[in-house]
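In what follows, a single structure is set out as structure tokens and then discussed.
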Amino acid sequence: MTDAAPSPAGTANSTRALTVAALGTLLTLMAFTAPLATINSTAADLMSDAAGRTWILSSMSIGLAAALLTTGTVADDFGRRRTFALGAAVLAVGAVACAVSPNTLIFVVARILQGLGGAAVVASSLGIIAHTHPAGPVRAKASGVWGASVGAGIALGPLLAAVLDRWASWREAYVVLAIATLALAVAAHLLVEESISDAPRGLDPIGALLLASGITALLAALVEGRQGWTAVTPIVLFVLAALLLAAFTVLELRSATAMLDLNLFRHPPFLAATIAALATGGGIIALLSYMPGFLGTVLGIDALGAALLLFGWSATSVVTALLARRLPASLSGRTQLAVGLVGVALGMLMLTGLSENASWPRLLPGLLVAGVASGVLNAALGREAVASVPAGRGGMGSGANNTARYVGSAIGVTVVAVVAVPAGDHSAAALVHGWNTAALVTAAISVVGAVVVAASRTRR
């Protein structure tokens with residue numbers, strides 16, 4: 001079935017499709033955030049050094065960012081259900097590999113594999129929603145559910161890992177994720193109708209290879225650069241990334257089967273959605289990815305306590321995303337994105353000014369404010385990612401938008417790591433000062449993103 005005859009809103013088919021798509025996104029985000037709360041025990045078990053710890057936290061971002069756009073195009077052209085189910089199966093295999101990993105290298109490779117599978121799941125999920133829910137209030141409601149699944153996944157991943165780490169070990173979390181994801185792959189095959197685009201663009205294998213290689217080189221350079229920016233390895237990787245991404249741009253401009261129409265960046269709604277996703281990754285996601293380690297090292301809050309604080313932010317975003325459909329129709333997507341980014345920045349500003357004697361109640365108000373704004377942001381991103389691209393290209397829109405989010409996250413995590421951990425001084429006072437500075441920097445990233453989004457007005 002193609003996009004010519006989308007399933008009527010309110011049918012059992014659309015409900016099943018939305019449920020499967022939201023659960024797939026939730027499980028992918030749970031896998032993405034699972035190591036945050038248990039990084040200390042995971043690194044100790046795998047005997048990871050400082051570089052290994054960095055790779056543990058960053059490796060799934062590489063798989064996600066490298067494959068999101070490609071899998072979005074594949075989903076549109078060859079079947080969204082098929083792509084979703086295959087991606088879920090790969091995500092499950094990666095989780096099993098994580099659970100049995102004997103060392104850091106195997107674990108990092110398994111996390112990259114999880115990223116590749118998760119990319120297919122996330123990119124095809126919004127395409128499935130766009131096919132089964134017509135534009136307007138019905139799709140806005142569905143996008144709110146999808147946005148809530150993003151927040152729920154971020155909340156539940158660290159919580160699941162922390163609880164199981166206290167009860168058994170960090171490995172059990174990946175076993176649970178593997179079982180749940182494999183079951184979802186089967187459910188998708190049985191419950192979701194197949195759909196493809198009416199106007200397939202065709203495969204662009206060289207473009208896909210250049211993009212994946214370029215993004216992988218860029219993110220690897222950022223990870224390696226944290227160990228020393230003037231070393232040979234990060235410099236070579238940065239140069240390689242620049243060459244590969246430049247070659248990708250030239251190819252896409254000349255190709256009749258380009259998987260990403262670069263002219264879309266001249267379309268203000270697409271530009272606004274992409275910038276908002278980039279600022280989301282580089283702002284709130286980057287700061288809160290660092291938070292659990294900081295809480296344990298400096299403030300003496302254990303993994304479960306850190307996971308519960310993250311849950312306060314994410315659970316609030318879930319509720320807000322579900323309520324976002326009640327926002328007046330006159331409020332444009334661009335305005336929601338800009339307001340969401342400003343609200344996130346305000347929440348992060350409330351997280352500054354910590355002292356060495358700070359406790360968890362000091363952090364909670366800022367996390368709740370950021371959670372409310374994140375819910376508005378996630379719901380709007382899910383809707384605008386699809387609405388800003390041509391009809392039938394929802395997978396491509398989702399892939400491009402989420403690629404921006406995870407590239408932004410990788411860059412933001414690097415910025416936070418550099419700012420928050422002063423070279424040569426790991427005292428509690430220095431780390432607290434570094435946290436305060438990092439919160440200011442990530443708030444500034446969100447504000448800049450809001451300004452760019454607000455300026456992206458549709459041309460007459």
Side-chain angles (χ1 to χ4, degrees), residues 29 33 36-37 57 147 150-151 154-155 158 275-295 297-299 301 306-321 336-356 358-381 404-422 431-454:
L29 268 296
T33 58
L36 296 184
L57 292 176
V150 173
I154 293 173
I275 293 297
L278 190 68
T280 300
I284 188 68
I285 293 178
L287 182 67
L288 296 193
S289 293
Y290 172 74
M291 187 179 75
F294 166 76
L295 295 179
T297 302
V298 179
L299 303 184
I301 297 175
L308 287 172
L309 277 173
L310 277 175
F311 183 81
W313 164 64
S314 298
T316 305
S317 77
V318 171
V319 174
T320 310
Q336 289 182 45
L337 293 174
V339 169
L341 286 170
V342 170
V344 165
L346 177 61
M348 288 190 286
L349 287 175
M350 294 171 66
L351 297 175
T352 62
L354 294 189
S355 67
E356 296 174 53
S359 57
W360 67 266
R362 170 65 179 78
L363 295 163
L364 191 58
L367 290 172
L368 294 178
V369 170
V372 170
S374 294
V376 173
L377 195 55
N378 287 335
L381 280 173
R405 185 197 297 258
Y406 292 108
V407 169
S409 172
I411 295 172
V413 166
T414 299
V415 171
V416 169
V418 170
V419 171
V421 185
L431 292 174
V432 168
H433 177 74
W435 165 267
N436 291 331
T437 303
L440 288 173
V441 170
T442 49
I445 290 172
S446 295
V447 170
V448 170
V451 170
V452 175
V453 168

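Hydrogens, waters and symmetry mates play no part in the numbers below; they use all other heavy atoms, side chains included.
In this structure, Trp313 and Ser374 approach most closely via the heavy-atom pair NE1-OG, 3.1 Å. Between Gly340 and Ala373, the closest heavy-atom pair is O-CB, 3.4 Å. Shown here for Ala321 and Ala379, the closest heavy-atom pair between the two residues is O-CB, 4.0 Å. A pairwise comparison of heavy atoms in Ala277 and Leu381 identifies N-CD2, 3.8 Å as the closest pair. Scanning both residues, Leu310 and Pro292, for their nearest heavy atoms gives CD1-CG, 3.7 Å. Across every non-hydrogen atom of Ala306 and Ile301, the tightest pair is N-CG2, 3.6 Å.
Contact of the Leu363 side chain with the Leu354 side chain is registered, since non-hydrogen atoms from C-beta on lie closer than 4.5 Å. At a threshold of 4.5 Å between non-hydrogen side-chain atoms, the residues Ser446 and Ile284 do not count as touching. Considering only heavy atoms from C-beta on, Tyr406 stays 4.5 Å or farther from Ile285 through its side chain. Looking at Leu368 and Met350, their side chains never come closer than 4.5 Å, going by heavy atoms from C-beta outward. Contact check for Leu349 versus Leu440: side-chain heavy atoms found under the 4.5 Å cut-off. Side-chain contact between Leu308 and Trp360 is absent, with no heavy atoms from C-beta onward closer than 4.5 Å. The shortest side-chain heavy-atom distance between Leu367 and Thr316 does not fall under the 4.5 Å cut-off. Here the side chains of Val447 and Val342 are not in contact, with every heavy-atom distance at 4.5 Å or above.
Summarising the geometry, atom CG belonging to Asn378 is positioned 8.5 Å from atom CG belonging to Leu29; distances are rounded to the nearest 0.5 Å. Here the CG atom belonging to Leu295 is positioned 11.0 Å from the OG atom belonging to Ser359, to the nearest 0.5 angstrom.
Judged by distance alone, with hydrogens and angles left aside, the side-chain atoms of Trp435 form a donor-acceptor pair with the main-chain N or O of Leu351 at under 3.5 Å. Thr280 places a side-chain N or O within 3.5 Å of a backbone atom of Ala276 that can act as its donor or acceptor partner. Side chain of Thr442 to main chain of Ala439: a donor-acceptor pair is present (N/O by atom type, distance under 3.5 Å, no hydrogens or angles). With Thr320 contributing its side chain and Ser317 its backbone, the two residues share no donor-acceptor pair below 3.5 Å. A donor-acceptor contact shorter than 3.5 Å links the side chain of Asn436 to the backbone of Gly353.
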Residue pair Leu341, Leu377: steps toward the side chain to side chain contact (heavy atoms under 4.5 Å, CB included) verdict
CA-CA 7 Å; Leu341 286 170; Leu377 195 55; 3.8 Å; yes
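The local environment of CZ in Phe294 is crowded, with over 12 non-hydrogen atoms from other residues, nucleotides or ligands closer than 6.0 Å.
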